[in-house]
Each structure stands twice: as structure tokens, then as C-alpha cells.
Amino acid sequence: MYKLLRPLLFLFDAERSHDWVFSFLRLAYRAPGFGPLFRLLYAGRVPALPVDAMGLRFPSPLGLAAGLDKNAQYVRPLMDLGFGWVELGTVTPRPQAGNPKKRLFRIPAHAALINRMGFNNVGIEAFVNNLGKSRGTGIVGVNIGRNKDTPNVRAVEDYVQALKAVAPYSDYVVINISSPNTPGLRDLQEQEALSELLLLLKHEQVALAKSYSVHVPIAVKVAPDLDDEQIATIARLALERKLDAVIATNTTVTRPSMEGVLTAQEDGGLSGRPLKALSTAVIAKLYGYLQGKVTIIGVGGIENADDAWQKLIAGADLLQIYTALVYQGPAVVGRIVRGLARRVKASGCTTLAEAVAKARNELRVTSSQ
Ligand SMILES: Cc1cc2nc3c(=O)[nH]c(=O)nc-3n(C[C@H](O)[C@H](O)[C@H](O)COP(=O)(O)O)c2cc1C
């Protein structure tokens with residue numbers, strides 16, 4: 001179905017097409033029968049492949065990455081499309097318009113996107129109101145950020161405010177310190193700033209656990225453009241502060257293999273195929289330090305089950321996609337998870353985690369020979 005729809009959507013501006021698709025979905029979901037049809041067509045073709053991580057049972061290793069449903073408006077349709085879990089946001093304490101349009105660009109020859117959305121969102125109050133309506137649909141993570149006009153020295157106040165507001169409605173919360181489209185945000189990945197941020201957020205996590213009798217896992221989402229020293233620092237702090245997960249990675253400000261591509265000159269973060277190797281390298285380096293003690297969610301350029309498998313072997317426990325959904329449509333979710341399920345079966349293991357551990361061991365043995 002998407003094969004027919006895509007050429008039409010690609011005639012128009014990328015953000016406008018996105019808005020049309022989701023306005024249509026919203027309307028369609030008012031009609032009885034549309035949800036069950038979607039579930040049958042898409043979610044029904046995704047095999048159960050559970051993964052235990054962060055104290056949660058994810059029904060499938062593949063979730064939706066942040067940025068597509070910034071305002072928590074489409075949780076149910078996204079679950080029906082086959083995502084075992086979805087990450088919403090980035091949401092900031094106060095509403096903000098984001099950068100001027102045009103701010104989302106397709107690069108079809110490289111199955112890539114460049115975006116400089118700039119955290120356009122309805123703000124935490126309206127977000128929580130939307131989210132409350134979709135409780136009980138599946139695992140929901142909420143990705144939080146600071147407002148553009150909040151200086152980094154006060155960023156922690158924004159994150160604490162957002163964490164408190166979303167915690168009762170989320171299964172995990174993501175601290176986004178890696179979007180390239182909020183000036184200065186990535187500086188929060190530096191040792192001193194991150195150390196203080198994590199200290200205060202972990203403190204808040206404990207306080208929230210007392211109020212709600214539930215531990216809300218906290219993840220930090222990092223950039224693919226970190227050097228080795230920065231990766232080592234983040235990993236050390238993740239271990240010291242007992243962070244629940246690291247999400248690797250956000251979009252890149254670099255332009256790998258984009259020579260001669262005019263659109264590549266647009267400012268913003270690049271996602272999709274050209275990001276694949278960069279993000280896998282960050283996952284592998286993080287895993288070298290974390291060794292399974294902190295969950296790694298791998299994201300960046302996953303297009304098929306082979307890409308997904310490579311990220312798992314590199315060290316990821318869970319995976320997310322965004323750009324592949326734009327290029328391949330919702331059937332990509334089932335294709336990837338079915339491909340992973342086939343690998344589990346072929347390995348003779350019963351769970352994905354066992355199959356991945358076995359493959360990692362075999363790789364270690366072969367490379368040490
Ligand atoms: C249009 C667009 C908007 C995005 N917005 C966010 C966001 O608000 N917060 C965030 O953490 N990541 C955001 N991302 C990054 C994605 O979550 C993901 O990390 C990145 O696109 C790499 O995955 P992919 O190659 O599968 O797209 C956005 C990506 C795109 C393409």
C-alpha cells in the first residue's frame with residue numbers, strides 16, 4: 001500500500017506530507033474498524049520477540065524513535081502499525097514553535113533525512129493531557145528536552161520539571177541532550193554538566209519512586225558525533241550514577257558520503273542510511289565500557305534485519321527506527337522483527353538475548369584466533 005502512496009507523498013514538502021498522513025490517521029481512527037484493520041495488516045504480522053530490559057518486558061526489540069509523535073497524539077495508531085513500544089517527544093516544559101519552516105528535507109538517493117525542527121511541541125501540560133488518554137496501549141517512553149530559551153546553567157530545572165510531569169504516565173523517560181537543533185544542548189554531554197544533571201535526575205527518580213511506588217527508568221540519548229574521550233566519560237557516568245539506559249544515537253551534524261548532494265548543505269541533523277555506521281560505532285564503544293550493565297538502545301540508519309542484527313551484535317539490547325519508516329512505510333517494522341525472529345530460530349536459541357549473546361561469543365572466539 002505504501003509503495004503506491006509514497007510517490008504521491010514525496011511530491012510535497014516532507015513536513016506537510018507527514019502532517020497529512022497523521023491528520024488522515026486521526027480522522028480514520030474515528031471510524032470503527034479502522035484500528036482493527038491496521039492491527040491485522042501490520043501489528044498482526046509482527047511476531048512476539050520479547051526483550052527484558054530496564055526492568056520492563058518489551059514485546060518486541062523494535063520501537064519507534066523519538067521525534068515522530070512529539071505531542072503524544074498518535075500512540076494507538078503507532079502501536080497498531082506494529083511498534084512494540086514507542087518513544088514520544090521531545091517535549092519541553094513550555095510550548096515552543098520550533099525553527100521556521102522549511103525544516104525537514106528528504107535525500108531519497110541516500111534514504112536519508114535532514115531535520116532542524118527545533119523541538120516544536122505543545123509543551124508538557126498539553127502533552128500529559130494527550131498521553132493520559134492513551135494509557136494502557138503498550139510501553140511508552142517519553143523523551144524530554146529543555147526549552148530553547150532556557151540557558152544550559154538552568155537546564156536541569158527544565159528536565160526535573162518535565163520528568164516530574166511525565167513520570168506517572170511513562171514506562172521510561174529519556175533525557176535528550178543530543179539534538180543538534182537547540183543551540184548549546186549538546187554541551188550537556190560534557191563531564192561536569194552531565195554529572196550534575198544525572199545526580200539531580202537520579203535524586204528525583206528516587207523521590208518519584210517514593211510517591212508512586214514505581215521506579216521510572218531514566219535513559220540518556222547521545223549524539224553520534226562524540227569523540228572517544230566523550231564516549232568514555234558518558235559510559236563512566238552512566239555506571240557511576242546507575243543510569244538505566246543510553247540511547248545511541250541521535251542525528252549527526254556531519255555529512256558522511258554526501259559528496260555532491262546539494263540538500264546535504266542544509267543545516268540540521270542527518271538521519272537514515274548515512275548515519276548507520278556512525279551510530280553502530282558509538283554503540284560498540286559504549287558496550288565496551290558498559291558490558292551489559294546499562295541497557296543500550298541502538299538507533300540510527302536501521303533499514304532491515306541485517307542492520308538491526310549488526311547493532312545488536314555491537315552491543316544494543318533494543319532498537320528504534322524513524323527514517324526507514326518514511327522511506328519504506330509501516331511494513332518495515334514487521335520485516336525487521338520477522339528477520340530477527342528467523343535468526344533466533346536458526347541459532348537454536350529461544351530468546352533474542354540468548355541468540356545475540358551466542359553470536360557475540362562466536363565472533364569473539366573467531367577474532368581471537
Ligand atoms: C524529523 C525528525 C525529528 C526528530 N526529532 C527528534 C526529537 O524530537 N528528539 C529526539 O531525541 N530525536 C529526534 N530525532 C532523531 C531520531 O529519534 C533518531 O535518533 C534518528 O533519526 C536516527 O534514527 P533513524 O536513522 O532511524 O532515523 C528526529 C529525527 C527526525 C528524522
Side-chain angles (χ1 to χ4, degrees), residues 13-19 21-22 62-72 78 83 86-92 96 98-99 101-107 110-122 127 141-148 159 162 172-182 185-186 188-189 219-225 245-254 256 263 266 268-280 282-283 296-304 307-308 311 316 318-328 332-333 336:
D13 167 67
E15 188 174 351
R16 191 174 289 184
S17 302
H18 169 280
D19 291 346
V21 167
F22 282 91
L62 188 63
L64 173 71
L68 189 112
D69 188 2
K70 288 177 187 285
N71 298 322
L78 289 165
F83 287 107
V86 298
E87 190 172 308
L88 309 170
T90 297
V91 59
T92 55
Q96 59 181 39
N99 288 321
K101 293 176 183 174
K102 193 177 169 182
R103 53 190 180 181
L104 176 58
F105 306 87
R106 302 184 192 95
I107 309 176
H110 296 263
L113 295 171
I114 289 179
N115 91 82
R116 51 169 181 268
M117 308 299 286
F119 291 171
N120 52 310
N121 77 97
V122 293
F127 180 97
V142 178
N143 182 308
I144 59 176
R146 73 152 164 82
N147 277 102
K148 187 180 177 183
Y159 286 105
Y172 70 93
V173 175
V174 183
I175 312 304
N176 185 358
I177 47 172
S178 51
S179 166
N181 302 312
T182 295
L185 189 81
R186 287 183 166 203
L188 294 171
Q189 296 174 119
V220 163
K221 185 162 178 181
V222 301
D225 308 320
V246 180
I247 304 189
T249 66
N250 214 312
T251 55
T252 176
V253 292
T254 67
T263 317
E266 293 291 346
L270 174 71
S271 59
R273 194 178 295 158
L275 173 62
K276 194 179 301 186
L278 264 183
S279 87
T280 306
V282 174
I283 292 166
I296 297 179
I297 302 179
V299 50
I302 298 173
E303 295 180 272
N304 52 46
D307 297 340
K311 281 203 168 30
L318 291 162
L319 305 163
Q320 294 176 325
I321 56 167
Y322 185 153
T323 305
L325 187 68
V326 173
Y327 282 97
Q328 301 184 46
V332 68
V333 184
I336 293 175

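Counting starts at 1 for both ligands and their atoms, in listed order.
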Problem set entry | Closest heavy-atom pair and its distance - Asn143, Ala66 | ND2-CB, 3.4 Å

Exercise. At a 4.0 Å threshold, what atoms of ligand 1 neighbour a non-hydrogen atom of Leu113?
Worked result: 31 (C)

Seminar exercise, completed: atom 20 (C) of ligand 1: closest protein heavy atom, distance to 0.1 Å, is Thr251 CG2, 3.9 Å

Exercise. Quick one: does Gly272 get within less than 4.0 Å of ligand 1, heavy atoms only?
Worked result: yes

Exercise. Among all protein non-hydrogen atoms, which one is nearest to atom 21 (O) of ligand 1, and what is the separation to 0.1 Å?
Worked result: Ser271 CB, 3.3 Å

For this session: Can you measure from CZ (Arg116) to CG (Leu104) and round to the nearest 0.5 angstrom?
Result: 10.0 Å

Seminar exercise, completed: Note: Asn250, heavy atoms under 4.0 Å from ligand 1, region reported as both

Exercise. What atoms in ligand 1 come closer than 4.0 Å to a heavy atom of Ile321?
Worked result: 26 (O)

Exercise. Just by modelled atom types, is the Phe119 backbone N or O under 3.5 Å from a matching donor or acceptor in the Gln96 side chain?
Worked result: yes

For this session: Report yes if the side chains of Thr90 and Ser179 come closer than 4.5 Å at any heavy-atom pair, otherwise no.
Result: no

Seminar exercise, completed: Atoms of ligand 1 under 4.0 Å from any heavy atom of Asn176, numbered from 1 in the order shown, are 9 (N), 10 (C), 11 (O)

Problem set entry | Nearest neighbour in protein (non-hydrogen) for atom 27 (O) of ligand 1 | Thr323 OG1, 2.5 Å

Seminar exercise, completed: atom 4 (C) of ligand 1 has as its nearest protein heavy atom Gly67 CA, 3.7 Å

Problem set entry | For atom 23 (O) of ligand 1, closest protein heavy-atom neighbour | Val299 CG2, 3.3 Å

Exercise. Under a 4.0 Å heavy-atom limit, does Lys70 contact ligand 1 with its side chain, its backbone, both, or neither?
Worked result: side chain

Problem set entry | Any Ser179 heavy atom less than 4.0 Å to ligand 1 | no

For this session: Report, in ascending order of atom number, the atoms of ligand 1 lying under 4.0 Å from any heavy atom of Thr249.
Result: 19 (O)

Seminar exercise, completed: The answer for which part of Asn143 has a heavy atom under 4.0 Å from ligand 1 is side chain

Exercise. Hey, which of Asn99, Thr251, Leu270 is the one that makes side-chain contact (heavy atoms from CB on, under 4.5 Å) with Asn115?
Worked result: Thr251

Exercise. Any idea which heavy atoms bring Tyr327 and Ala111 closest together, and the distance?
Worked result: CE1-C, 3.5 Å

Seminar exercise, completed: Looking only at heavy atoms, the pair that brings Leu278 and Pro224 closest together is CD2-O, 4.0 Å

For this session: Using a strict 4.0 Å cut-off to heavy atoms of Gly300, name the atoms of ligand 1 that fall inside it.
Result: 22 (C), 23 (O), 25 (O)

Exercise. Should the proximity of Leu104 to ligand 1, defined as any heavy atom under 4.0 Å, be assigned to the side chain, the backbone, both, or neither?
Worked result: side chain

Problem set entry | Contact summary for Gly67 and Tyr322, nearest pair of heavy atoms | C-CE1, 3.6 Å

For this session: Please determine, by modelled atom types, if Lys148 and Thr182 share a side-chain donor-acceptor pair under 3.5 angstrom.
Result: no

Problem set entry | For atom 26 (O) of ligand 1, closest protein heavy-atom neighbour | Tyr322 N, 3.0 Å

Exercise. What part of Lys221, side chain from CB on, backbone N/CA/C/O, both or neither, has a heavy atom under 4.0 Å from ligand 1?
Worked result: side chain

Exercise. Can you check whether Thr263's main-chain N or O pairs, donor with acceptor, with Glu266's side chain at less than 3.5 Å?
Worked result: no

Exercise. Is there any N or O on Ala66 that sits under 3.5 Å from an N or O of ligand 1?
Worked result: yes

Seminar exercise, completed: One should read off an interatomic distance between Glu15 CD and Arg106 CZ, to the nearest 0.5 angstrom, of 11.0 Å

For this session: Ignoring hydrogens and angles, tell me if any N or O in the side chain of Tyr159 forms a donor-acceptor pair with the backbone of Asn176 under 3.5 Å.
Result: yes

Exercise. Does any N or O atom in Gly301 lie less than 3.5 angstrom from one in ligand 1, N or O only?
Worked result: yes

For this session: Examine the proximity of ligand 1 to Thr90 and report which part, side chain or backbone, both or neither, has a heavy atom under 4.0 Å away.
Result: both

Exercise. With no hydrogens and no angle check, do the side chains of Asp19 and Ser17 hold a donor and an acceptor under 3.5 Å apart?
Worked result: no

For this session: For atom 22 (C) of ligand 1, find the nearest protein heavy atom and state the residue, atom name and distance (0.1 Å precision).
Result: Leu275 CD2, 3.5 Å

Problem set entry | Closest non-hydrogen atom pair, Ile283 against Lys311 | CD1-CD, 3.6 Å

For this session: Report yes or no: does Asn121 have a heavy atom closer than 4.0 Å to ligand 1?
Result: no

